[in-house]
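Have a look at the structure below before the remarks.
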Amino acid sequence: MLDATADTPSLLVIVLDISPFAWARSPVAFPDALKQCLAFMNAYLALKHDNLLAVLAASDKGCDYLYPTAESEPAAPPGESPTSDLPDGNLYQRFKHLDDQILARLRQLMIAPEPEGSLPVPAVRLTAALSRALAYINRLTHGDNPVPLQPRILVVSASADSSAQYIQMMNCIFACQKLGVPMDACQVYGDDSAFLQQAASITGGVYVRLAHPRGLLEYLMFTFLPDRFARQYLVTPEQGSVDFRAACFCHKRVVDVGYVCPVCLSIFCSFSPVCSTCRTKFAFTHLAPSGRPARLLRGRSGRHRADSRGLPAAASGGPQPASPAV
Amino acid sequence: MNQARTPAATTAPADPEVEFIDIDDTGNGADGSAGGGAGGEAGGGYAWEEEYKRSWEGIREDEAGSLASTVANLQLQKKRRRRLRDTESVQRGIIRHLFLILDTSSAMTDKDLRPSRMELALSTAEAFILEYFDQNPLSQLGILVTRDGLAEKISELGGNPLDHIRTLKNKRNTNARGEPSLQNAMEIAMNALGHAPAHGTREVLLVFGSLTSCDPGNIQLTIQAAKAKSVRCSMVHLAAEVRVFRELCTTTGGTFSVAMNEAHFRDLLFETIPPPPLPAGQTRAANLILMGFPKKITATIPTVCACHNKFTFEGYLCPRCKAKICELPTDCNICALTLVSSPHLARSYHHLFPVANYREATVAELPDEPFCYSCTKPFESSAGQLTSATKHGPPVTTAPAPHVPAVGSTAIDAGTSRYICPKCRHQFCLECDLFIHDILRNCPGCCTTQ
Ligand SMILES: [Zn+2]
Ligand SMILES: [Zn+2]
Ligand SMILES: [Zn+2]
Ligand SMILES: [Zn+2]
Ligand SMILES: [Zn+2]
Ligand SMILES: [Zn+2]
């Protein structure tokens with residue numbers, strides 16, 4: 001948080017979108033993007049020897065940890081991955097271990113059978129991955145043996161927002177805010193992601209939509225490599241305007257003035273007699289005005305009476321009972 | 001009841017949990033604080049050295065045990081408390097109008113709670129206000145204090161937590177003296193709440209340390225008036241149960257509780273933070289509220305904001321009158337439209353769609369996952385299996401390693417400290433269970449299936 005100094009190691013959790021649907025249409029092929037991401041991860045680990053890294057993959061099937069896999073934490077067994085485990089003279093062992101493990105894990109995930117009962121909706125399970133990432137961060141920073149860390153999350157996304165995950169996404173954002181974890185987001189191509197934009201804006205992270213997706217590594221290195229401490233001294237990309245408008249529940253239309261159900265806070269673009277979410281019936285007569293006019297009215301009548309009853313007695317200062325109740 | 005005081009003699013037979021409380025409120029330090037609870041590590045040292053008449057059973061058990069077991073126990077206790085919360089999706093009054101009434105009478109100078117009742121009440125109230133607005137972003141709150149038989153409104157109903165906290169900070173150096181007046185405080189609160197819009201709840205939360213109240217009239221009439229105006233009153237008392245106070249709470253549909261120690265006080269106060277469920281069959285006139293959702297802008301040239309008349313780069317534009325506002329949620333200073341951002345509304349949606357309570361796994365279900373699903377913490381008791389299960393590759397949670405022997409789970413005792421989501425059947429550690437239900441409010445497992 002604020003007391004992070006230059007020496008506090010970082011904890012970076014990368015949520016990587018591996019949905020084949022999304023990457024199929026991307027200007028940068030997934031293997032290329034993955035290579036660039038791996039280079040970024042290596043650079044991140046090289047930055048400080050005690051920097052911690054976790055990588056989660058989110059696809060339309062689900063999400064899972066790529067690194068660290070549970071057994072790699074205590075002792076890192078170098079071998080047994082499908083790729084050659086011979087030490088590579090040109091590669092630092094830790095990087096090689098990381099690369100091998102992520103690739104092996106990805107391969108495993110790609111051939112993993114569809115989980116039963118999964119819906120054929122090609123929506124990336126971004127919120128599931130974020131939820132697990134947050135639980136992971138929570139354990140390391142607020143768990144039994146908390147260590148001083150600067151945690152942050154980086155989402156590398158190639159998919160569009162899934163409106164079905166809106167509430168879950170918002171919950172993740174608020175959890176980030178509570179834990180003091182900035183959420184950075186890198187939208188590789190396509191339209192701006194309103195969810196990720198809001199996430200970055202609320203949590204104090206950086207949101208970037210790549211103008212040149214092939215230069216992914218460059219964006220990663222220049223924008224997302226510096227930790228929170230370093231960012232104080234850098235000019236990070238800013239979002240000119242963030243869309244905090246809401247979508248109405250009835251037509252999913254974005255509105256800037258809408259009617260809100262006072263019981264469940266559902267948003268409607270036009271007056272409706274019954275709330276479609278909670279079945280509350282609404283009075284047809286007049287719409288509740290915003291607070292101000294009522295407050296002015298109160299100032300003139302009720303409040304003054306209440307005060308004047310208390311104040312004279314206060315002047316007298318005695319422990320006697322105040323004037324009789326009205 | 002026209003006498004000035006509600007005598008302590010009216011104290012009803014106390015709750016089982018407060019049986020040991022010293023009723024004599026004036027006895028100096030006779031009723032010490034139970035330094036247990038979550039603050040056991042820090043406050044425990046003092047607590048043991050003093051003579052107490054408070055309930056100790058819970059802590060005595062831990063006396064012989066190590067600190068680790070004590071902490072684990074407390075965690076479990078905390079959890080059990082939390083588990084009692086209902087997760088049903090009921091109608092709740094999400095837009096709330098609440099008056100916090102703080103007793104600042106001489107009874108609050110008692111030091112049975114550390115550092116003193118007053119200090120504790122004020123500092124906890126500050127945390128309460130922050131959390132209240134965090135969970136009820138569209139709600140309003142006002143603060144009243146009462147002493148010397150008088151009540152004073154120190155902050156009006158309003159939506160800015162920082163204003164209230166500033167007022168409370170100023171109150172810190174005023175002397176606590178005299179007696180509180182329940183009736184005067186209630187009258188002022190009810191008067192102010194009477195103007196709250198009908199779509200919101202009207203609530204009063206009282207924090208009292210005194211066992212008496214100095215009232216000008218018949219308190220029963222006030223209680224009936226509160227009921228008629230559907231003002232829901234709850235009280236957290238710092239010393240003992242008082243019949244009149246409890247009656248006020250039960251009649252108006254609120255809760256009455258007595259704090260046993262500092263941590264318990266905090267818990268009790270914070271239990272009132274989630275929006276209360278609406279009484280079934282309540283036919284309250286509900287009106288749709290017109291709200292604006294402003295766009296956040298960052299300009300290269302600073303412009304004047306409508307709220308502070310200062311030059312700022314950032315701000316939100318009111319969609320109706322295009323005035324620039326610094327902070328949300330608020331009412332537009334120019335056209336009085338209620339301005340919120342969609343995240344503010346979304347912050348309350350978890351009350352509508354709560355995460356199902358996890359239940360502790362039984363031994364039979366254990367071998368499914370050797371790790372906590374969300375944070376990958378290896379489950380302690382399965383450390384033996386862990387190596388065998390994962391030696392030849394990382395665990396695939398979607399397809400549990402089939403060669404994990406079920407017999408390996410025999411070593412695990414009844415308290416498995418693994419928690420299963422009833423919907424997605426994934427297993428979580430205690431840490432994650434608390435985190436998921438208290439902060440995250442998403443089940444990571446269920447997110448993959450919804
Ligand atoms: Zn609509
Ligand atoms: Zn509704
Ligand atoms: Zn301003
Ligand atoms: Zn306006
Ligand atoms: Zn966990
Ligand atoms: Zn679940």
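By convention in this document, chain letters (A, B, ...) are assigned in the order of the sequence lines, proteins followed by strands, and residues within each chain are numbered from 1.
A salt bridge does not link B:R320 with A:D256: every distance from a Lys NZ or Arg NE/NH1/NH2 to an Asp or Glu carboxylate oxygen is 4.0 Å or more.
Between A:K178 and B:E131, the shortest heavy-atom distance links the atoms NZ-OE2, 3.5 Å. What you find for A:Y166 and B:A346 is that their closest heavy atoms are OH-CB, 3.8 Å. Nearest heavy-atom pair across A:A128 and B:P444 is CB-O, 3.7 Å. Between A:V255 and B:F293 the shortest heavy-atom distance is O-CD1, 3.7 Å.
Contact of B:P294 with chain A is made through the backbone alone, with heavy-atom distances under 4.5 Å. Contacts of A:L130 with chain B are absent, with no heavy-atom separation under 4.5 Å from either backbone or side chain.
Rounding to the nearest 0.5 Å gives a distance of 10.0 Å between CD of A:Q168 and CG of B:L440. Rounded to the nearest 0.5 angstrom, B:K377 NZ and A:R139 CZ are separated by 6.5 Å. Remark: A:N138 CG to B:I439 CD1 distance equals 6.0 Å, nearest 0.5 Å. In this structure, the separation between CG on A:L265 and CD1 on B:I95 is 5.5 Å, given to the nearest 0.5 Å. In this structure, CZ on A:R125 lies 9.0 Å from SG on B:C447, to the nearest 0.5 angstrom. The line from SG of B:C375 to CD1 of A:I137 is 12.0 Å long, rounded to the nearest 0.5 Å.
Within the 4.5 Å cutoff, the side chain of B:S342 has heavy atoms near those of the A:Q198 side chain. Side-chain contact check for B:P343 versus A:I173: every heavy-atom pair is 4.5 Å or farther apart.
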Note to self: Applying side chain to side chain contact (heavy atoms under 4.5 Å, CB included) to B:D134 and A:F174, what does each step give before you reach the verdict?
What the structure shows: CA-CA 10 Å; B:D134 195 60; A:F174 299 138; over 6 Å; no
Worksheet item: When you look at B:L288 and A:F268, which way does the side chain to side chain contact (heavy atoms under 4.5 Å, CB included) test go after all the steps?
Response: CA-CA 9 Å; B:L288 281 172; A:F268 304 100; 4.1 Å; yes
Can A:V257 and B:M291 be said to form a side chain to side chain contact (heavy atoms under 4.5 Å, CB included), step by step?
CA-CA 6 Å; A:V257 177; B:M291 285 188 189; over 6 Å; no
Decide yes or no on side chain to side chain contact (heavy atoms under 4.5 Å, CB included) for B:C432 and A:Y136, but give the supporting numbers first. CA-CA 9 Å; B:C432 287; A:Y136 184 79; over 6 Å; no
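A donor-acceptor distance shorter than 3.5 angstrom exists from the side chain of A:N171 to the backbone of B:R441, with no hydrogens or angles considered.
The choice from B:S181, B:S341, B:C443 that makes the most heavy-atom pairs within less than 4.5 Å of chain A is B:S341.
The cationic atom of A:R132 (NZ for Lys, CZ for Arg) lies less than 6.0 Å from the six-membered ring centre of B:Y373 and within 45° of the ring axis.
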